[in-house]
Amino acid sequence: MIRAARPAAAVAALAMTLLTAPAAPALATPPPATAAPTATATADPLAALRGQQPSWHPCASGPDDTAGADLDAAGARCTEITVPLDYRHPGGRTLSIALSRLPATDPAHRLGTLFYNPGGPGVPARALSLALRQAAPALGARYDIVAMDPRFVGASTPLDCGWPTAGPGSAGPDRLGFDRAAELAKDLAARCAPYRALLPHASTRSTARDMDLVRAVLGEPTIAYLGSSYGSYLGEVYLQLFPDRVGRAVFDAAMDPDRFGPDLTATQGPAMAGALTAWAAWAAGHDDRHHLGATTAEVLASIERVRLAAERAPLAVGAHRIDARALPQVLWTVAAGDDDNTYEEFSALARVLLDAAEDRPTRPTALLEAVLSGLASPDTGGYAATQTAIMCADRAAGRDPLAYYRDIQAHRADEPLFGPLTRNLTPCTFWPAEPAEPPTRVRNAVPVLLVGADGDPAATYPGQLAAHRALAGSRLVTLRGAFRHTVYAGLFAPRDACVDAAVDRYLLDGVLPAHDTDCPSPRP
């Protein structure tokens, strides 16, 4: 879900693949009812909300808000929009949706407003809008870039269940490990029970309606849209609900709209194994530095030794202990990118793990320390709980815990490392609320550009192809031979000029490729 200056963004972009209470938060009060609703208000129950006048203000919330200060320095302004908790009852409880707007730097040639969602789910979007303008200045010149923190995320009305950890992790090697994971998942779900009135309305479908209400408040008849990772699924749902409100749309690393939900991760094990094998081939060519093996098979055998050792006893790495539950999450960092710098960092991490597996004294690398500290930390700010709530609200999970265990067991031979993580149950199995609506069935012929890597470990290529079929008017640009999640503008993975050219040509010039095309592999 990115390295050097981009580690936080990398974790955010890939976080959905790592899926893993107090009193309910204060909610905004509904706007006061008018004494005599107009005919328009009677016909349109959202008329009063569409007529809001946004009050723009600086984005920084205080002296420690560096992201807000950066937005302010770039000329952005922020505001909050009131939306219904439940669109079936627009006169009831309301939420506050926080958004930012970066004005086009070339207003004389402005094309309109581009809505941007960087993924997640549950990732605040406002601050990352500036990263988009910096990475794609041509877009920032021609479009106002609007990014909203989705409901219950970031500066919008919050949802924090007070989780002590982000999720159950891997089921481990045996039934005992699975039972422990199930108990943790059940406990996490129970901590969200005080919010059961809110949980059904955390869905992507509700967020898409929020997005359209924001569009209306801003006075835009149509919008352009760029969504990465989960943002592509949000775009798919928006396109289905409001097909006439989208001018140009790009989905980077598109998700299968018929599978998105808490069990989507079950499709990711083979793709993750492919990403690990691609790294192993690179590491074999640099055995003089990392000493993990001189062939791809030897490097993978080193990782297998680490897995077996962690199943016997937790690995000691500095002050940390890495057990079989945590190891697949640690190794998931191979999905952060497939360039030399990222592979160097992951190879150093793998070397430390191998030393620990062979009982040599070790100290974590900076990357490994960040990963292990994150896994050991509580769910600060409710990020993981909100992410889970979104997925539980999008599609109901199976309620039989043993069905997950049987699935894990059926795939232990072919997915020994990542299967117990990707196929494990989540808190959605025990969730205290059901989705308010059935999943959105995405089927339309609206023109849209899809871009992605055929080795994407999170938005798997079969899932991208499923999205392409569901969106009959789409064109697909595939980056061949790449093992990275998202491909545009170097935002969360290495940059590719061929992909960038296709996206820019569409968003700036309106030229959709005449047919599906490939971009050549970034590696020989």
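Just so it is clear, the structure is predicted and the values come from calculations on it, not from any experiment.
- Cation-pi geometry between R215 and F115 is not satisfied (NZ or CZ under 6.0 Å from the ring centre, within 45° of the ring normal).
- The side-chain contact (heavy atoms from CB on, under 4.5 Å) test with L99 singles out one residue from V217, D149, V146, and that residue is V146.
- Considering all non-hydrogen atoms of both residues, V451 and V499 come closest at CB-CG1, 4.1 Å.
- Using a 4.5 Å cut-off on side-chain heavy atoms (C-beta onward), D174 and E311 make no contact.
- Salt-bridge annotation for E304 and R307: present, with a side-chain N of the basic residue lying under 4.0 Å from a carboxylate O of the acidic one.
- Between F483 and W279 there is no side-chain heavy-atom pair separated by less than 4.5 Å.
- Taking 4.5 Å as the limit, some side-chain heavy atom of P84 sits within range of a side-chain heavy atom of L213.
- Tested against R423 for a side-chain contact (heavy atoms from CB on, under 4.5 Å), the candidates Q268, H411, R412 yield a single pass: H411.
- By the 4.5 Å heavy-atom criterion applied to side chains, L417 and L276 are counted as neighbours.
- Contact detail for E236 and A254: the closest heavy-atom pair is OE2-CB, 3.8 Å.
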From CA spacing to verdict: side-chain contact (heavy atoms from CB on, under 4.5 Å), Y488, S228: CA-CA 9 Å; Y488 176 62; S228 305; over 6 Å; no
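- In summary, of the residues considered (I223, N117, D210, T207), a side-chain contact (heavy atoms from CB on, under 4.5 Å) with Y238 occurs for I223 alone.
- Among all heavy-atom pairs drawn from P427 and A189, the shortest one is O-CB, 3.5 Å.
- Considering I81, V83, T82 in turn, T82 is the only one that fulfils the side-chain contact (heavy atoms from CB on, under 4.5 Å) rule with L49.
- Annotation: ring-ring contact (aromatic ring centres under 6.0 Å, His included) contacts involving residues 424-464, sequence neighbours excluded, are absent.
- Salt bridge annotation for R175-D179: present, with a cationic side-chain nitrogen under 4.0 angstrom from a carboxylate oxygen.
- Scored by the side chain to side chain donor-acceptor pair (under 3.5 Å) test, R406 finds D400 as partners (sequence neighbours excluded).
- In this structure, the side chains of V330 and L375 come closer than 4.5 Å at one or more pairs of heavy atoms.
- Remark: the T478 side chain and the D454 side chain contain no N/O donor-acceptor pair separated by less than 3.5 Å.
- Residues L471 and N444 meet the side-chain proximity criterion, which asks for heavy atoms closer than 4.5 Å.
- Comment: D86 engages R88 in a salt bridge, judged by a side-chain N to carboxylate O separation of less than 4.0 angstrom.
- Side chains of V503 and L449 form a contact here, defined as non-hydrogen atoms less than 4.5 Å apart.
- Shown here are the ring-ring contact (aromatic ring centres under 6.0 Å, His included) partners of Y233, two or more places apart in sequence or in another chain: F260.
- With contacts defined as side-chain heavy-atom distances shorter than 4.5 Å, the pair Y230/V123 does not qualify.
- Shown are D456, D339, D338; of these, the side chain to side chain donor-acceptor pair (under 3.5 Å) with R484 is made only by D338.
- A salt bridge does not link D258 with R395: none of the charged nitrogens is closer than 4.0 Å to a carboxylate oxygen.
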